[in-house]
Amino acid sequence: MKNRVIFKSLILATCLSAMLIAHGCGDTASDAADKTDATNTDAEETSDTDSNTDNTEDTSKDSNDISTTEASEEPAEEPADDEVDAGAIYQQYLDDALEYDGELFSAKYSFVKEDFDMIPSAYYYDVDEDGENELLISTFYYGFDIYDVRDGELVLLDHGDGTSDTCSVFYGEDHTYVSHSDFLHEGRQILVLIRYDENGDVVEMISLSATYEDSESGTYDEGSQFSYNENAITMLEYEEYLSLYQAVPVEDMEEAEIDESLFD
């Protein structure tokens, strides 16, 4: 499987400063004539000040009106396609109103009804930690087919490939992983955990395995072979690693609506 790591960083720094200056003054007269002149002068200055204040307020009001008008004329930023259309696209696919890879939902998953006499179930869960749910369709023995929406298009993120490669969802170490596992066959236990980013690229992969083909008890023991990311480990280390990751139960997922009449 292709394994690419994309790391992106963006640092934005802003700096704002403000300065306030206060100023005050007062006049005093020594005789009655001066007081009269001062009074008349103060009155004229007051009148001029009021007039200037009115003009300032009018100018400020006009400026605010212009600013408000300009702001209201700017078009609102539209949400991304994934945010707007993902849920609708998933439902269209489940309703047979949209094809994936030239095939309708009911046709692609008719084998679940034919082979297991079951209606396929579907769930929503954020498996790539992008804050948006993906569509998980259960295929019974083979685990989930996991769909995502990118650029308004339905894409298959990951899927199971038989009973020796069951696809599920695990959580551990503060991350969500898509898992590929084989715990159904004798002589081995294999678990591969894949962490995807929002672009569908692999950012982390963990593999755990226990091999015990010659075990008479049918289970592993201290003499079995264990590995973590292809490095040999002990049975105790294997069990400690295994305990860090747990399968996400479907009860923790949002169930999707499926029209069962499509499989009649």
Would you name the heavy atoms of [X] and [Y] that are closest together and state the gap between them?
| X | Y | answer |
| --- | --- | --- |
| Ser215 | Ser217 | OG-OG, 3.1 Å |
| Tyr212 | Ser224 | CB-OG, 3.3 Å |
| Thr139 | Phe116 | O-CE1, 4.0 Å |
| Cys167 | Val178 | SG-CG1, 3.6 Å |
| Leu135 | Ala256 | CD1-CB, 4.4 Å |
| Ala122 | Leu94 | CB-CD2, 4.3 Å |

Between [X] and [Y], do the side chains contain an N or O donor and an N or O acceptor separated by less than 3.5 Å?
| X | Y | answer |
| --- | --- | --- |
| Tyr123 | Asn133 | no |
| Ser106 | Asp96 | yes |
| Asp161 | His180 | no |
| Tyr124 | Glu132 | no |
| Ser227 | Ser209 | yes |

CG (Asp252) with more than 12 external heavy atoms under 6.0 Å
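Correct, the count exceeds 12.
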More than 12 heavy atoms of other groups within 6.0 Å of Glu103 CD
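Atom CD in Glu103 is packed in, count exceeds 12.
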Side-chain donor/acceptor of Asp221 to backbone N/O of Gly223, under 3.5 Å:
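Indeed, once roles are kept as given, a pair shorter than 3.5 Å links the two residues.
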N/O donor-acceptor pair under 3.5 Å between Asp182 side chain and Gln189 backbone:
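Side chain of Asp182 to backbone of Gln189, a donor-acceptor pair under 3.5 Å: no, none is there.
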For side-chain contact (heavy atoms from CB on, under 4.5 Å), just list the numbers for Thr211 and Glu213, CA-CA rounded to whole Å, side-chain angles, deciding distance to a tenth of an Å, and then say yes or no.
CA-CA 6 Å; Thr211 305; Glu213 294 179 354; 4.2 Å; yes
Is it true that [X] and [Y] fall in one hydrophobic cluster, defined by side-chain heavy atoms closer than 4.5 Å?
| X | Y | result |
| --- | --- | --- |
| Tyr220 | Leu184 | no |
| Phe183 | Phe226 | yes |
| Leu244 | Val248 | no |
| Val192 | Tyr171 | yes |
| Tyr93 | Phe111 | yes |

Using 0.5 Å steps for rounding, measure from the [atom1] atom of [X] to the [atom2] atom of [Y].
| X | Y | atom1 | atom2 | value |
| --- | --- | --- | --- | --- |
| Arg195 | Leu193 | CZ | CG | 11.0 Å |
| Asp158 | Asp148 | CG | CG | 11.5 Å |
| Asp95 | Leu104 | CG | CG | 11.0 Å |
| Ile146 | Glu134 | CD1 | CD | 8.0 Å |
| Leu208 | Glu230 | CG | CD | 12.0 Å |
| Asp126 | Leu136 | CG | CG | 10.0 Å |

Measure from the ring center of Phe105 to the ring center of Tyr100 and say whether it is less than 6.0 Å.
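Ring centres of Tyr100 and Phe105 not closer than 6.0 Å.
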Using a 4.5 Å cut-off on heavy atoms from C-beta on, say whether the side chain of [Y] contacts that of [X].
| X | Y | result |
| --- | --- | --- |
| Ile190 | Ser181 | no |
| Leu154 | Tyr90 | yes |
| Tyr196 | Val127 | no |
| Val149 | Asp85 | no |
| Val169 | Thr176 | yes |
| Leu157 | Arg150 | yes |
| Glu129 | Glu198 | no |
| Tyr177 | Glu204 | yes |

Between Tyr245 and Phe170, is the ring-ring contact (aromatic ring centres under 6.0 Å, His included) condition met? List the steps.
CA-CA 6 Å; Tyr245 309 97; Phe170 271 62; 7.7 Å; no
side-chain contact (heavy atoms from CB on, under 4.5 Å) between Asp128 and Asp197, worked out
CA-CA 5 Å; Asp128 58 10; Asp197 67 8; over 6 Å; no
Please work out which of the three classes, parallel, tilted or perpendicular, describes the rings of Tyr109 and Tyr147, given edges at 30° and 60°.
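Ring orientation, 0 to 90° scale: perpendicular.
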Please name all residues satisfying salt bridge (Lys or Arg N to Asp or Glu O under 4.0 Å) with Asp259, sequence neighbours left out, ordered by chain then number.
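Per chain and number, Asp259 pairs via salt bridge (Lys or Arg N to Asp or Glu O under 4.0 Å) with no residue.
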